[in-house]
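Here is the structure we will look at, set down as structure tokens.
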Number of protein chains: 2
Amino acid sequence: MAHNPERRTALVDAAIEVLARQGARGLTFRAVDAEAGVPKGTASNYFTSRDDLIGQVARHIHVRLGPDAQELEAAENAPRTRDALPAVLTALYQRVTRERTGYLALLELRLEATRRPEVREILTEAIRANLQRDIDYHLASGRPGDDTTVVVLYLSLSWLIVEDLTLPGVLADYPPEHMVKVLTGLLVPPD
Amino acid sequence: MAHNPERRTALVDAAIEVLARQGARGLTFRAVDAEAGVPKGTASNYFTSRDDLIGQVARHIHVRLGPDAQELEAAENAPRTRDALPAVLTALYQRVTRERTGYLALLELRLEATRRPEVREILTEAIRANLQRDIDYHLASGRPGDDTTVVVLYLSLSWLIVEDLTLPGVLADYPPEHMVKVLTGLLVPPD
DNA sequence: TATATAGTACTTCGTATGTAGTGGTTGCAA
DNA sequence: TTGCAACCACTACATACGAAGTACTATATA
């Protein structure tokens, strides 16, 4: 069993791409090899089994979930008024469209979680932590609304993203920018 | 090619179960045969290819999406006040937990839609129609709120359902009944 | 009796997998 | 500096698994 950490990471990243593009059905060692541009058989040398590979993907994908350092800093420095909310949400939305494959892979993993307790535990922990961080941040920022405000935002935006990624035609009459405005109006009522 | 319509429907239903329980990876003719309790090779006789099978599943699954006749009637007769909203939403939620496999299969199909234009078209049309029906019904009922109210509900409840089906631990502190109340309070402000 | 479908069994095919074997590189010690 | 040892990249192969489809038989119904 080989242990080159960079190569291992590259293989996991390649597996995420494969998951998003070909679905769980297409996730094979050979497909990962091809995606990573390494010789056939390499993934066999780095993961004991397909399950092992999926577990490592679940552990690794959370780094693609959260905002990057730059984005966190921008949010930190933004004015703490309701007017800032649309900008934050728009930034989130842009990140999603950038990380399209990452979010699709995460959806595949969620479905995998219904079948594999190990994946369920890993993802639950990672996503809970992300949500809690958002709630804490929001409460500490002094912006209007309580923890359920953040949860409602999480719910709405999550499905807005799914709809956009999978069946963009469904909400053609209700584009994301519009729905973000609607949500802002609902959650942050005028004084 | 055999044409027994009941058997064909049974096979499609079985395919939905397989999709939900084993994922897209497990959807093979043989698995469908086993799930439907028919001899091996039967699915081969009813569908020209795996693609064909998936297409027919996409066309058929919309009958599991909407409320059944009984539920529609109950909604029709319910008092048209804001107080009725939680009851309607609770009914929806109960249907979802009943039709667990159907909703999981639909999620699988959504991911399949990112790869198959045919599936994308079929699902987009069916889900658009469902949403439009909900919007029309809501507007005609004279309940408070406009079309975006319904869309926000659709977004929030959809992800609430996904979270519950895939990673129920994430929102352990925010159970569905509570979030339904929160949403009601947001969307239907007191007079 | 004829036709269509149910059911059985077999053959073929594709492809994933894991490993054995080879070559090259790096690090360490003499 | 040179030689050796360990490790990893890479190639190629042999195996195995399971899906698919089809040919064949049985059965029921019109």
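So that the names make sense, note that chain A is the first sequence line, chain B the second, and so on, each numbered from 1.
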*Summarise how protein sits on nucleotides 16-30 of chain D as a single string, 5' to 3': B when a protein heavy atom is under 4.0 Å from the base, S for sugar-phosphate-only contact, - for no contact.*
---SBBB--------

Donor-acceptor list for residues 33-41 of chain B side chains, cut-off 3.5 Å, not counting sequence neighbours:
residue, atom, partner, partner atom, Å
B/Asp33, OD1, B/Ala43, N, 2.8
B/Asp33, OD2, B/Gly41, N, 2.9
B/Glu35, OE1, B/Arg21, NH2, 2.8
B/Glu35, OE2, B/Arg21, NH2, 3.3

*By salt bridge (Lys or Arg N to Asp or Glu O under 4.0 Å) - contacts of B/Arg128 (at least two apart)*: A/Asp173

_Contact list please: residues 8-21 of chain B against DNA chain C, heavy atoms, distance less than 4.0 Å, in numerical order._
none

*Go through the structure and list residues passing side chain to side chain donor-acceptor pair (under 3.5 Å) with B/Asp147, not counting sequence neighbours.*
A/Tyr174

*asked:* Can you list everything that forms a side chain to side chain donor-acceptor pair (under 3.5 Å) with B/Thr28? Sequence neighbours excluded, please.
replied: none

_Under-4.0 Å side-chain N/O to phosphate OP1/OP2 contact, A/Tyr46 with D/dC10_ = no

*With B/Asp136, which residues qualify under side chain to side chain contact (heavy atoms under 4.5 Å, CB included), at least two apart?*
B/Gln132

*Listed nucleotide nearest any side-chain atom of A/Asn4, set C/dT5, C/dT8, D/dA9*: D/dA9

*For A/Asn45, all residues meeting side chain to side chain donor-acceptor pair (under 3.5 Å), sequence neighbours excluded*: none

_Results of salt bridge (Lys or Arg N to Asp or Glu O under 4.0 Å) for B/Arg95 - residues two or more places apart only_ = B/Glu71

*asked:* Do B/His138 and B/Arg133 have side chains that approach each other closer than 4.5 Å (heavy atoms only, starting at C-beta)?
replied: no

